[in-house]
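Take a look at the structure set out below.
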Amino acid sequence: MPRPLCATIHLDAMQHNLSVARACSPQSKVWAVVKANAYGHGLERGMRGFAQADGLALVETEYAVRLRELGWTKPILLLEGFFDDSDIPLLAEHALNPAIHCIEQIKMLEYTKLYRPIDVHLKMNTGMNRLGFMPAEYAAAHQRLAAIPGIRSITMMTHFANADELEHPRLPMHEQVRRFKSGSEGLAGQRSLSNSGGVLHSSDLELQSDWVRPGIMLYGGTPGGKSAAAFGLLPTMTLTSAIIGIQHIDAGDTVGYGSRFEATGPMTVGVVACGYADGYPRHAPHGTPVVVDGVRTALVGRVSMDMMAVDLTPVANARVGSKVTLWGDGLPIDEVAHAAGTIGYELMCALAPRVRVREGRVGTHG
Ligand SMILES: *Cc1c(COP(=O)(O)O)cnc(C)c1O
């Protein structure tokens, strides 16, 4: 029998969450973001779960080619564009739409002949200060790009730093939107704006854009703020395992490496087959929620490479073999992430290759 640890991917929930994104932004076409191995769900599963999307967006050029090999015929967006002039023939061959975010990329396109026209996204830096042209430089970049033979269309794009906190004191959303509008004023073409945060708050923002680029919400997480369930999103990845050992300890006994947890009274400790080498965050502190046999309990002691310990005191009848849910259906990943001082994105993406993955409907694994 294989180790009991298993990630179940809910393709039905992925489809459902895509329909939630569409309902939030009914005027927009949707790029489903499948970077980082579809946020840990598997590229091919991302393609199947989001088969109804208008396009798929990612950052890995080799995975973009893989999507074509797997039969994806709709548009593909490369969110970081291309990295070297030797990538340019690939763009034409596989009809990949690169984001163009720096002058070096424009220069490469100027001196490398495109043997087939491509569509591009021209990125504006509206305050994230990661990738993109400043609003004041944007029109000139647009003009220079438009003059290159083989550039068929230019979609105007920006990325929000604070879509989960609209009134951010340093950089509120309306300021980023204002910069985008001023930098793109008078330019013709489609616009691509929101990530999940922007999509989830589109009614407050009154943003009109031809394309949106949700990621985390499609995987049943949120970028912050309200819970995923409050938006009607369903978990798409449930990580489950089992109790593989039980210890009965007394006041003063300790658990795990470094003896960081000390029992204050008699307690039952269950050992779960899941550790940081599986992608569970090593820094998760005592008290991080875990569900055993449907009962919510808590992590105790340090997470080790292959195992972690949980308090079984509140779980009547817990035994070796009891089912454990680490996150997903029955335990929101955002809650586990929050307890561990990180975000759901990181937990999903860090799912280790050694974890078995299967597919199953949501609602059958809680
Ligand atoms: C990752 C990414 C997204 C998706 O962001 P979420 O917060 O997961 O919705 C959208 N646009 C760009 C440019 C990205 O890099």
Side-chain angles (χ1 to χ4, degrees), residues 13-14 17-18 20-25 28-41 43 46 49-50 53-61 63-64 75-83 96-102 105 120-133 155-166 168 173 176-177 180 190-202 205 207 209-228 231 233 235-237 333-334 337 342-351:
M14 293 163 78
N17 295 340
L18 177 62
V20 173
R22 285 214 189 274
C24 292
S25 302
S28 309
K29 287 175 279 183
V30 179
W31 292 109
V33 179
V34 295
K35 61 189 176 187
N37 199 29
Y39 288 48
H41 291 61
L43 183 70
F50 307 133
D54 300 291
L56 296 177
L58 71 178
V59 299
E60 306 87 353
T61 39
Y63 284 178
I76 296 178
L77 170 61
L78 291 170
L79 295 162
E80 293 178 350
F82 59 93
F83 305 97
L96 309 177
N97 305 6
I100 304 299
H101 59 77
C102 64
Q105 289 175 319
V120 302
H121 272 48
L122 181 62
K123 189 161 188 182
M124 193 191 302
N125 173 9
T126 52
M128 173 81 108
N129 290 319
R130 220 170 49 175
L131 299 179
F133 294 89
T155 298
M156 290 167 269
M157 167 191 187
T158 194
H159 190 54
F160 295 129
N162 299 314
D164 53 330
E165 198 184 340
L166 305 188
H168 194 283
M173 280 283 282
Q176 277 198 272
V177 172
F180 181 75
Q190 300 198 343
R191 282 153 170 78
S192 171
L193 298 178
S194 295
N195 52 3
S196 296
V199 171
L200 292 170
H201 295 108
S202 41
L205 287 166
L207 274 182
S209 82
D210 303 279
W211 288 91
V212 291
R213 304 183 309 270
I216 194 71
M217 70 176 290
L218 302 182
Y219 303 97
T222 70
K226 268 203 294 184
S227 74
F231 290 110
L233 299 168
T236 60
M237 177 195 285
I333 192 167
D334 289 335
T342 182
I343 50 178
Y345 298 71
E346 190 180 19
L347 300 188
M348 292 176 190
C349 294
L351 188 74

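Whatever order the structure lists them in is the order used to number ligands and atoms, beginning at 1. For this chain, numbers begin at 1 and follow the sequence in order.
- Within the listing of ligand 1, atoms 12 (C), 13 (C), 14 (C), 15 (O) sit less than 4.0 angstrom from a heavy atom of Leu79.
- At least one side-chain heavy atom of Met14 sits less than 4.5 Å from a side-chain heavy atom of Tyr219.
- Scanning the protein heavy atoms around atom 8 (O) of ligand 1, the nearest turns out to be Tyr39 OH, 2.5 Å.
- Ring orientation note: the planes of Trp211 and Trp31 are close to parallel, at an angle under 30° on the 30°/60° scale.
- Contacts of Lys35 with ligand 1, taken as heavy-atom pairs under 4.0 Å, involve the side chain alone.
- Taking the six-membered ring where the residue is Trp, His201 and Phe231 present perpendicular rings, their angle passing 60° and hence far from 30°.
- Closest to atom 11 (N) of ligand 1 among all protein heavy atoms lies Arg213 NE, 3.0 Å.
- A donor-acceptor pair under 3.5 Å is formed between the side chain of Asn17 and the backbone N or O of Leu218.
- The shortest N or O to N or O distance between Met157 and ligand 1 is not under 3.5 Å.
- Side-chain contact between Leu193 and Thr158 is present, with heavy atoms from C-beta onward closer than 4.5 Å.
- With 3.5 Å as the limit, one finds a donor-acceptor pair spanning the side chains of His159 and Arg213.
- Between Met157 and Leu131, the closest side-chain pair of non-hydrogen atoms is not below 4.5 Å.
- Any N or O atom pair closer than 3.5 Å counts here, and Gly215 shares at least one such pair with ligand 1.
- The protein atom (non-hydrogen) at minimum distance from atom 9 (O) of ligand 1 is Ser196 OG, 2.5 Å.
- At a cut-off of 3.5 Å, with distance as the only test, no side-chain donor of Thr155 or Ser192 sits close to an acceptor on the other residue.
- Both the backbone and the side chain of Ile216 come within 4.0 Å of ligand 1, counting heavy atoms alone.
- Protein heavy atom in closest approach to atom 5 (O) of ligand 1: Asn195 CB, 3.6 Å.
- Any N or O atom pair closer than 3.5 Å counts here, and Lys123 shares no such pair with ligand 1.
- Residue contacts with ligand 1 include Tyr345, since one or more of its heavy atoms lies under 4.0 Å from the ligand.
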